[in-house]
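A short write-up of the structure that comes next.
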2 protein chains.
Amino acid sequence: MSTWADATLAAMQTKRHRSGGARRAVVELLGRQDCCLTAQGIFDGLRAEGRRVGIASVYRILEQLVRDGFVQRIDVGDGISRYEPAHPGGEHHHHLVCDGCGRVVAFEDQPLEQALEGLSTRLGHEVAAHDVVLRGECSDCLRAAS
Amino acid sequence: MSTWADATLAAMQTKRHRSGGARRAVVELLGRQDCCLTAQGIFDGLRAEGRRVGIASVYRILEQLVRDGFVQRIDVGDGISRYEPAHPGGEHHHHLVCDGCGRVVAFEDQPLEQALEGLSTRLGHEVAAHDVVLRGECSDCLRAAS
DNA sequence: ATACGTGCAAAGTATTTGCAAACGG
DNA sequence: CCGTTTGCAAATACTTTGCACGTAT
């Protein structure tokens with residue numbers, strides 16, 4: 001379960017030298033999540049655990065993790081960045097944003113994944129990463145909007 | 001060529017009552033573009049034409065146009081929103097962001113489009129809109145990074 | 001004439017940066 | 001010990017809001 005967190009911490013330690021407590025805390029918290037978190041959400045989560053961190057450190061650490069490819073930054077269009085562990089090669093999910101309540105839920109879809117894989121060659125262009133964001137009303141909001 | 005601009009202006013005039021000069025200017029400028037523009041880009045473009053508009057009006061007008069479905073808001077992950085005419089039903093393109101220079105270029109891909117169309121039924125969930133953003137190095141940057 | 005549209009300036013909010021203190025190796 | 005990491009506070013940048021004036025109908 002914490003395999004991503006361990007691998008990430010080990011790899012970061014190799015690249016840079018010191019490994020501070022705040023980075024470990026952020027990575028471990030991210031490793032426990034299954035979907036994306038906002039920077040503020042990570043900050044709140046760490047504070048809730050009693051960890052005294054600064055929001056700036058959270059941003060700085062996330063920036064490093066994104067730059068080194070361990071974390072994927074996701075932007076669903078509300079102006080707030082979200083972050084989640086990047087599982088290289090492995091399972092891959094995308095996000096569905098509810099137009100009503102703004103909730104973000106994950107989904108997987110094999111045909112979509114295949115179409116995305118072929119893109120790189122069809123475009124004759126390197127594609128390092130892809131984000132797909134769908135918008136629509138979630139079942140709760142559809143019912144409420146009747 | 002200006003068919004989108006005309007249709008949009010006409011439809012806006014039906015929904016709301018007055019039709020001010022700033023909105024017309026924004027819609028006409030958008031209609032002349034083929035890919036996405038930032039709010040600041042639209043503002044600069046209008047100023048360059050000698051139109052004295054406020055950046056706040058640009059944002060307000062874009063918000064209306066997005067809400068009414070005439071303009072699509074695109075977020076490529078750099079924290080700056082981009083806007084482009086929405087061509088309902090018609091051709092549909094997505095965006096490729098260069099990791100090197102940050103430039104945004106458009107692309108179309110039929111297999112991807114088909115996978116996206118099927119998503120709504122496969123997920124058992126209404127999907128009103130979708131954004132796909134690819135990241136990778138553009139040919140210029142690939143060459144420069146050798 | 002009247003209410004919506006617009007421009008300017010000020011406020012708001014997510015994120016970044018400067019800097020001194022804490023900390024790891 | 002030395003240099004990276006961190007927390008705080010201040011700064012930045014995009015976007016939104018308040019308000020008075022202009023403008024279309």
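Numbered from 1 within each chain, the chains take letters A, B, ... in sequence-line order. FYI, side chains are in, hydrogens and waters are out, and symmetry mates aren't considered; it's all heavy atoms of this structure. Values in this document were obtained by computation on a predicted structure and should not be read as measured data.
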Do Arg73(B) and Ser81(B) get their side chains close enough for a donor-acceptor pair, meaning under 3.5 Å? yes

5′-ward residue of the pair Arg24(A)/Ile80(B) relative to DNA chain D: Arg24(A)

Side-chain ion pair, Arg82(A) and Asp75(A), N-O less than 4.0 Å: no

Side-chain heavy atoms under 4.5 angstrom apart, residues restricted to Ile, Leu, Val, Met, Phe, Trp, Tyr: same cluster for Ile74(A) and Val66(A)? no

Close N or O pairs between protein and nucleotides 18-21 of chain C (under 3.5 Å):
from: dG18(C); atom 1: O6; to: Arg60(A); atom 2: NH1; distance (Å): 3.4

Please report the shortest heavy-atom distance between Ala25(B) and Arg51(B), naming the atom on each side. CB-NE, 3.8 Å

Toward the 5' end of DNA chain D, which comes first, Ser19(B) or Val53(A), by nearest nucleotide? Val53(A)

Taking the six-membered ring for Trp, are His94(B) and Phe107(B) parallel (under 30°), tilted (30 to 60°) or perpendicular (over 60°)? tilted

Ile80(A) backbone acceptor or donor facing Asp78(A) side chain under 3.5 Å: yes

Tell me whether the count of non-hydrogen atoms from other residues, nucleotides or ligands lying under 6.0 Å of CZ in Arg47(A) goes above 12. yes

Select base, sugar-phosphate, or nothing to describe what Arg47(B) touches, counting heavy atoms under 4.0 Å on all strands. sugar-phosphate

In terms of side-chain heavy atoms of Tyr59(B), which of dT16(C), dC8(C), dT16(D) is nearest? dT16(D)

Leu46(B) has an atom CG; how far is it from atom P of dT6(C), in whole Å? 12 Å

Start with the C-alpha distance between Asp6(A) and Val27(A), add both sets of side-chain angles, then the distance that settles side chain to side chain contact (heavy atoms under 4.5 Å, CB included), and finish with yes or no. CA-CA 9 Å; Asp6(A) 294 340; Val27(A) 169; over 6 Å; no

Are His87(A) and His93(A) an aromatic pair, judged by ring center distance below 6.0 Å? no

Let's go through Arg23(A) and Glu63(A) carefully: what are the C-alpha distance in whole Å and the side-chain angles of both, what is the deciding distance for salt bridge (Lys or Arg N to Asp or Glu O under 4.0 Å) to 0.1 Å, and is it a yes or a no? CA-CA 11 Å; Arg23(A) 190 158 63 215; Glu63(A) 186 198 336; over 6 Å; no

With DNA chain C as reference, determine whether Arg23(B) or Ile55(B) sits nearer its 5' end, using the nearest nucleotide of each. Arg23(B)

Which of residues 62-77 of chain B sit near DNA chain C, with a heavy atom under 4.0 Å from it? none

What's the shortest heavy-atom distance between Val76(B) and Arg135(B), and which atoms? O-NH1, 2.7 Å

Nearest whole Å is fine: how far is dT15(D) P from Phe43(B) CZ? 13 Å

How many whole angstroms separate atom CD of Gln13(A) from atom C1' of dG24(C)? 10 Å

Taken to the nearest whole Å, CZ/Arg52(B) to C1'/dG5(C) is 14 Å

Please report, rounded to the nearest Å, how far the C1' atom of dT12(D) is from the CD atom of Gln40(B). 14 Å

Take the C1' atoms of the five end pairs on each side of the helix from dA1(C)-dT25(D) to dG25(C)-dC1(D), get both axes, and report the angle to 10 degrees. 30°

Answer with base, sugar-phosphate or nothing: what part of the nucleic acid does Ser81(B) contact at a heavy-atom distance below 4.0 Å? sugar-phosphate

Might you confirm whether atom CZ of Arg103(A) has over 12 heavy atoms from other residues, nucleotides or ligands at distances under 6.0 Å? no

Please state whether the phosphate of dG7(C), meaning OP1 or OP2, lies under 4.0 angstrom from any side-chain nitrogen or oxygen of Arg51(B). yes

What is the separation between atom CD1 on Ile42(B) and atom P on dT15(D), rounded to the nearest whole Å? 11 Å

Can you tell me which nucleotide in dT6(D), dG7(C), dT6(C) comes closest to the side chain of Ile61(B)? dT6(C)

